Amino acid sequence: MCGIAGIFDLTEQREPDRGLLAAMNQTQFHRGPDEGGLYTAPGVGLAHRRLSIIDLASGQQPMFSADGKLCVVYNGEIYNFRELASELQGLGYQFRTHCDTEVILYAWQAWGERCVDRFRGMFAFALYDQNARSLFLARDRFGIKPFFYSVLADGQLIFGSELKVLKAHPGLPRKLDPRAVEDYFALGYVPEPKTIYQGVHKLCPGHTLLLRAGMPVPEQKQFWDIPFQPVAVASESDLQAELLARLREAVQVRLVAEVPLGAFLSGGVDSSAVVAMMAQLQNEPVNTCAIGFDVKQFNETEYAARVAERYHTNHFQETVGSEDFDLLDELAVLYDEPYADSSAIPTFRVCQLAKKRVTVALSGDGGDEHFAGYRRYRWHMNEERLRQALPLGIRAPVFGALGRLYPKADWAPRMFRAKTTFQALARNSVQAYLHSVSICSDEQRSALFSDAFKRELQGYSVHSVFDAHAANCPTDDPLSMIQYLDMKTYLVGDILTKVDRASMAHALEVRVPFLDHPLTEWVSGLPSEWKLRGQEGKYLLKKSLEPHLPNDVLYRDKMGFGVPLAKWFRGPLKDRLPRDLLESGGLAATGLFNQRYLARLVDEHQSGMRDHSAPLWTLLMFQATVRDDQFVVAA
């Protein structure tokens, strides 16, 4: 696992400043502390930081083809590289190393842009072809590995594994994108392909970009999407057996490493499933780690301990104090752009813990999206039955009025929050789902933003993000639709971003078996009733795992990986809210926000009248991340 960086001249043959490229690369030292490398030539510069995992002796980058005409920098793991190397050797290519990086070079020579179709794994790479004066950029199917790029005013394209790599270039304008701000306050992250800055982009998951010197920058090209193609369904026992076989194989291919390897074990279904498969595939005990909390409702280590005991793992755990809020500013530096998932704190800590014992860890991420594990899927489908029974023309005025009139009840369980339900029923399915996952609703954002900033938005709304993905969804099944929306937005923008930055901050590689694309293609084609049956999410996965995991691990309520924000904002962070949000040196100076509404959020939360912890955390992380940028809105 590594970090990549580069400069490509789209207009001339200027050789990049080697010192500048080295400085850009140094900002991501944490991603690859083992080695670093640079290559510059007329028109191109490539840089790399290496975390050695496979072929420790000879996997240095940038790596060149035998004839010296191709050069690649790469971040990730291609798990089927040995099979591909054998196939390429049959085509006459000679290998000098035993690592997956060299496979990329000759796969490009053999198959061109379609080489990515052959790769099974997680990757972000840039390949320079000297003969064609081209640069080929690619990102894996789910966006497990990040890729940022921007075209500067002087005609140079710069790229890197993290936004801080680009920010190190003095030619990068750091002007906020109003649309990204709107997206962030709805979702808690900036969705692909946007970043918080205008003119800076993320390469979308499952996309490539082929750049040629002297040619305009083309559109990103998609090479893969979640198919949702129906699969043959036999008996339930056959489905269970096939699911376990596919999951076991997805885990097995991710056990290749020349460094210590282990797994996260939260005590939830997905991480426990991965550990169970690992234990059946390894002769030696699995290394597992867990983070506990000193607040009971956030602590599930007892369930992790049961799985660890069942499989005799080398288990180690630590407890995070409920006052672990000092990471706020460190996270802002780590994530580079506003990111509001507070579970980044325990994720940072569990990666820190894992690194004490291992260099590679397997995780259970992706299981909830694939198998409908989130509670919001159940709520949405319950509402969907009523949406399908009544036309929108009836629902919108009736439930819209009820939603406006009914009192807000943040304190109540979701099923009793009638206001939220009425608001969802007044919308179509896609917009109702967006409403359910939004941190700040449409009405809240309208109150939060200043009139001047709303004019800058020019009518733009986060709704267009979900509408665009829904239009591309290959299925009209209502459950599959929202799973698809999550995989295009929340999975990559929130979950995978969180894990990548937190793990790489500690030079830890995380592998994700549930995001094995052959497994995904099969699971996506299962009828929805095998994922969500009645009120039971992950139905088939849980039934399949009954012989392998305790029932109280499989069938207890999902806890999540949260922190006590509401308590923090009425206690240790109480004084920070007015300083960062209301006083002249904080958000008040930007012109982005309605100061009266900010003051109302703070007052109502600290008085105990309402729980505004989610929007307040979103505001604090925004202020902490972009406070050094120039983004004052004219009155």
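Keep in mind that this is a model prediction, so the values were computed, not measured.
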Determine whether the side chains of Gln606 and Asp603 contain a donor N or O and an acceptor N or O closer than 3.5 Å. no
Return the minimal non-hydrogen interatomic distance between Leu434 and His463, and the atom names on each side. CD2-CA, 3.8 Å
Would you please name every residue forming a side-chain hydrogen bond (donor to acceptor under 3.5 Å, both in side chains) with Arg349, sequence neighbours left out? Asp324, Gln352
So does Arg378 get a backbone contact from the side chain of Asn382, meaning a donor-acceptor N/O pair under 3.5 Å? yes
Do you know which two heavy atoms are closest between Asp140 and Met122, and how far apart they sit? OD2-CA, 3.6 Å
What distance separates Glu369 CD from Tyr377 OH, expressed to the nearest 0.5 Å? 5.5 Å
CG/Leu565 to CG/Asp611 distance, rounded to the nearest 0.5 angstrom? 8.5 Å
Pairwise side-chain contact, Asp365 with Phe264, heavy-atom cut-off 4.5 Å (strictly under): no
Side chain to side chain contact (heavy atoms under 4.5 Å, CB included) partner of Met621, chosen from Tyr339, Tyr184, Tyr189: Tyr184
Shortest non-hydrogen separation from Glu384 to Ser429 and the atoms involved: OE1-OG, 3.1 Å
Salt bridge (Lys or Arg N to Asp or Glu O under 4.0 Å) pairs touching residues 580-590, sequence neighbours excluded, are Arg576-Asp580
Which label fits Tyr149 and His201: parallel for a plane angle under 30°, tilted from 30 to 60°, or perpendicular past 60°? tilted
In chain order, what residues pass the side chain to side chain contact (heavy atoms under 4.5 Å, CB included) check against Pro178, with sequence neighbours excluded? Gln198, Phe453, Glu456, Leu457
Within this structure, what is the CD-CZ distance for the pair Gln156 and Phe8, rounded to the nearest 0.5 Å? 10.5 Å
Taking side chain as C-beta onward, heavy atoms only, is Leu620 less than 4.5 Å from Phe569? yes
Yes or no on side-chain contact (heavy atoms from CB on, under 4.5 Å) for Tyr197 and Lys167, after CA distance, side-chain angles and deciding distance? CA-CA 10 Å; Tyr197 300 120; Lys167 290 164 73 172; 3.5 Å; yes
Closest non-hydrogen contact found for Gly160 with Leu166 is N-CD1, 3.5 Å
Working to the nearest 0.5 Å, report the span between CD1 of Ile482 and OG of Ser436. 7.5 Å
Kindly determine whether Leu619 and Leu448 satisfy side-chain contact (heavy atoms from CB on, under 4.5 Å), including the steps that lead there. CA-CA 10 Å; Leu619 285 157; Leu448 177 65; 4.1 Å; yes
Take Ser480 and Gln483 through the test side-chain contact (heavy atoms from CB on, under 4.5 Å) and record every step on the way to the result. CA-CA 5 Å; Ser480 298; Gln483 290 178 283; 4.2 Å; yes
Does any non-hydrogen side-chain atom of Ser450 lie less than 4.5 Å from one of Thr590? no
Just jot down the side-chain hydrogen bond (donor to acceptor under 3.5 Å, both in side chains) partners of Asp225, sequence neighbours excluded, or say none. Tyr484, Lys488
Residue among His506, Met504, Arg501 satisfying side chain to side chain contact (heavy atoms under 4.5 Å, CB included) with Cys351: His506
Student check: side-chain heavy atoms of Gln220 and Glu192 closer than 4.5 Å: no
Exam field: side chain Ser271 to backbone Gly364, donor-acceptor pair closer than 3.5 Å: no
Ser503 (side chain) donor-acceptor with Val510 (main chain) under 3.5 angstrom: no
Pairwise distance CZ(Arg49) to OG(Ser161) - rounded to 0.5 angstrom: 12.0 Å
How far does CD of Glu604 sit from CZ of Arg610, to the nearest 0.5 angstrom? 5.5 Å
Between Asp451 and Lys454, is there a side-chain heavy-atom distance shorter than 4.5 Å? yes
Check step by step if side-chain contact (heavy atoms from CB on, under 4.5 Å) holds for Leu581 and Leu616. CA-CA 9 Å; Leu581 304 188; Leu616 289 173; 3.9 Å; yes
Is the backbone of Ala566 close enough, under 3.5 Å, to the side chain of His605 for a donor and an acceptor to pair up by distance? yes
Can you list the residues that meet the side-chain hydrogen bond (donor to acceptor under 3.5 Å, both in side chains) rule with His207, with sequence neighbours excluded? none
Close side-chain approach of Glu162 and His30, heavy atoms under 4.5 Å: yes
For Asp486 and Tyr374, test the side chains for any donor-to-acceptor distance below 3.5 angstrom and give the result as yes or no. no
Minimal heavy-atom distance between Pro193 and Cys204, with the atoms involved, is CB-SG, 3.6 Å
Looking at Phe593 versus Phe185, is the centre-to-centre ring distance below 6.0 Å? yes
With sequence neighbours left out, what residues match Lys221 under side-chain hydrogen bond (donor to acceptor under 3.5 Å, both in side chains)? Glu113
Mind checking whether Glu182 and Ser461 have side chains closer than 4.5 Å, heavy atoms only? yes
Look only at the side chain of Thr497 and the backbone of Val492, and say whether a donor-acceptor pair between them is shorter than 3.5 Å. yes
Do the side chains of Val430 and Asp467 get nearer than 4.5 Å, heavy atoms only? yes
Any idea which heavy atoms bring Val333 and Lys164 closest together, and the distance? O-NZ, 3.3 Å
Taking Lys194 first and then Asp183, would you say they form a salt bridge - that is, a charged N and a carboxylate O separated by under 4.0 Å? yes
His370 (side chain) donor-acceptor with Phe514 (main chain) under 3.5 angstrom: yes
NZ or CZ of Arg376 within 45° of Tyr490 ring axis and under 6.0 Å: yes
